[in-house]
Every structure is written in C-alpha cells, then in structure tokens.
Amino acid sequence: MSATLIPETGSAASTLRRNFWRGVWRVMRRKPSRLVGVVILAGFVVMAVVGPMLLPDPLPNDPAAITQPPSWEHWLGTDPQGRDVLALVITGSRYVLLTAAITALITVVVGTSIGLFSGFKRGRWDTVLMRVTDMKLTIPGLPLLLVLATVWRFGSPWQMGLVLGLLGWGGVARAVRSQTLSLRERGFIEAARGLGLSTTHIIGKELLPSMAPYIAMNMLISVTGAVYSQVGLFFLGVLPYESDNWGVMLNLAVFQAGALITPNALGYLLGPLLAILLLTLAIVLVVDAMDEIFNPRLREE
C-alpha cells in the first residue's frame, strides 16, 4: 500500500506547488507594478553582489572632471575627486544591502523566536519575555547608536547589521506574539496539543509555517528600516567616512560638494537618493504582492 501512496502524495504536493505559482503569477499580472518591484529588487541584489567585481578598486579619478554635471560619459556626474557617481552608487550598494540583510535576518530570527515562544507558552514565560521586550522598546535607538559610534567604528557591515538587528527586534516580537495568541486557539493547534506533541514540534511544524508569509513581509520591511538607519548615521558624520556607502555620499554631497547650492554637484546628491527611493519602492511593491498572495480575503478568485 505504501508504494501506491507515495506517488499519490508526491503528485498532490506537485499539484499544490503548481497551483501556488499560478496564483502568484495571477497576482503579479493583475498589477504589473508588482512585477516591476520584483525586477528592481532583484536588480539591486545583482548590483550589490556582482557590481563591485566589475569595477576597478579603487575607482579611477579624473582631475579634469571634478564635480561635473550628468553627461553621456558620466550619467550621474562626478564627485569632487572626479570619480563617476554611478560607480560610487554601485560600489556603495554592497555595504548598504549586506548590512540591511543582516539586520533584517537578526531582527526577524530574534523577534520571531521570542514572540512565538512567549505567545504559545503564556504564563510566567510570557510575562518575563514581554517585560524584556517592553524594556527593549523603551531604549532610544538613535542616541544609543551615537554613543556606540564613539567606541565602535562599524567598519564592517557585519558589525553594523549585528547592532541594528539587536536594537530592532522588539516590534517584531510584539507583532508575532499577537499572531501566535490568535493561532494557538485554532483547531489544528488544539489537536497537536491533544496528541501530546512537544512544544518545539508545535511551534516549528505547526505555528511557524502558518506565520511564514507574515514573517517574510516583516523581514522585507526591516530591510528598509536598516537602510534608513545606517544611511542616516553616515550622513550625520558620526561614523567613519567610507566612499563606498550611500550615507557618506549624501554627507559629502551636501557639506563638501555643496550640492544644495551648486548645480554641478546635484547628481552627486541625487544618485544615492534615487537608489534609496527605488529600493524602498521595490520593497513596498513586493510586500503588497505578498500580502495578496498569502491573504485569501484579498485574493480574487
């Protein structure tokens, strides 16, 4: 009998996968802007991974083309050292996106773990973990980062991502706990508890898959928060200057190149701003698509 059940089970799983991807395609096709968001987001990932490999290190400077406006040769102009602004945006994307990815991963892993365990166990564990979360939420992030910047240089995206992630998990923990409190009363969770399954099994095999879409959307949203945080710190000048960072580009464009009053330097300011805007827009469009894909009430039949 097992020999006949295995193909049927595999066929059913294959059918479910096909139906899922057909649903994804219908959602994307309904609003083509969502496809644009996916393409832009994928483009940023490729740019961060491959782009710096295709450019010389360090970037060449041209003393005869210092702070030039956009042209056919330099699409976004040049900086005060004569380097191509577009090349600076590409090389700066690796630090920014790697930091954002690490931040989002730590935020979601820590916040989800605490929220799931707290919401499922309730009682004393819930009280202790939520009090810790409340204490975390009362800590002002920016002043703490400014203090840490005086003793830690954040030269590596791993260091920056670690700190931002450990400072940003509180909101995710609260949100996941609320979702867990709702799901734990559902029939399939009651059945799992009635069968005597372990807490680890119920959380990992029953609750977590049900919340995976919600967690994935929170992870994407955390990426935008991480980008804003690190770019803001570099723009304020509280972290060491590195040319391969969008925040440093904004700082130098405003305070060194005078982009607010010098038309020739406007491209140096607009380059990183456009990159941040496009990245944020792409994430918003992808999250909008994911919301409809995984929410039956929003999905049209």
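Everything quoted here is computed from the prediction, not taken from an experiment.
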When rounded to the nearest 0.5 angstrom, what is the spacing between [atom1] in [X] and [atom2] in [Y]?
X	Y	atom1	atom2	result
R124	L129	CZ	CG	12.5 Å
L162	L167	CG	CG	9.0 Å
I202	L183	CD1	CG	12.5 Å
L281	S33	CG	OG	8.5 Å
Q68	E73	CD	CD	9.5 Å
D84	L55	CG	CG	8.5 Å

>> Do T67 and N264 pair up side chain to side chain, a donor and an acceptor below 3.5 Å, judged on atom types alone?
In response: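 Side chains of T67 and N264: no pair found under 3.5 Å.
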> Only one of W246, Y228, Y95 clears ring pair (Phe, Tyr, Trp, His ring centres under 6.0 Å) with F234; which?
Replying inline: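 Only one option passes, and that is Y95.
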> What do the steps show when you test T133 against R174 for side chain to side chain contact (heavy atoms under 4.5 Å, CB included), and what is the final call?
Replying inline: CA-CA 8 Å; T133 302; R174 271 289 181 186; 4.1 Å; yes
>> Using the rule given for side chain to side chain contact (heavy atoms under 4.5 Å, CB included), can you reason through L207 versus Q179, listing the C-alpha separation, both sets of side-chain angles and the distance that settles it, and then say yes or no?
In response: CA-CA 10 Å; L207 280 174; Q179 293 289 321; over 6 Å; no
> Which atom names give the shortest non-hydrogen contact between M219 and A104, and what distance separates them?
Replying inline: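 It is O-CB, 3.4 Å.
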> Just wondering, more than 12 heavy atoms not from I261 lying within 6.0 Å of its CD1?
Replying inline: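 Counting neighbours around CD1 of I261, 12 or fewer heavy atoms of other residues, nucleotides or ligands fall under 6.0 Å, so no.
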> What residues, two or more places apart in sequence or in another chain, satisfy side chain to side chain contact (heavy atoms under 4.5 Å, CB included) together with V50?
Replying inline: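 Scan of V50 (side chain to side chain contact (heavy atoms under 4.5 Å, CB included), adjacent residues dropped) gives V46, L54.
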> Taking only residues two or more places apart in sequence or in another chain, which ones pass side chain to side chain contact (heavy atoms under 4.5 Å, CB included) with D288?
Replying inline: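 D288 satisfies side chain to side chain contact (heavy atoms under 4.5 Å, CB included) with K31, R34 once adjacent residues are dropped.
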> So, S93 side chain and I90 main chain: donor-acceptor pair closer than 3.5 Å or not?
Replying inline: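 Between the backbone of I90 and the side chain of S93 there is a qualifying donor-acceptor contact (under 3.5 Å).
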> Is there side-chain contact between R83 and P60, with at least one heavy-atom pair below 4.5 Å?
Replying inline: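 No; the side chains remain at least 4.5 Å from each other.
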>> Please evaluate residues L41 and L279 with respect to the criterion side chain to side chain contact (heavy atoms under 4.5 Å, CB included), reporting the C-alpha separation (whole Å), side-chain torsions for both, the decisive distance (0.1 Å), and the verdict.
In response: CA-CA 7 Å; L41 189 59; L279 178 61; 3.9 Å; yes
> Strictly under 6.0 Å, is that where the ring centroids of F255 and F235 end up?
Replying inline: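 They qualify: ring centres under 6.0 Å apart.
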> Is there a side chain to side chain contact (heavy atoms under 4.5 Å, CB included) between W158 and L98 once you walk through the steps?
Replying inline: CA-CA 8 Å; W158 295 94; L98 181 56; 4.2 Å; yes
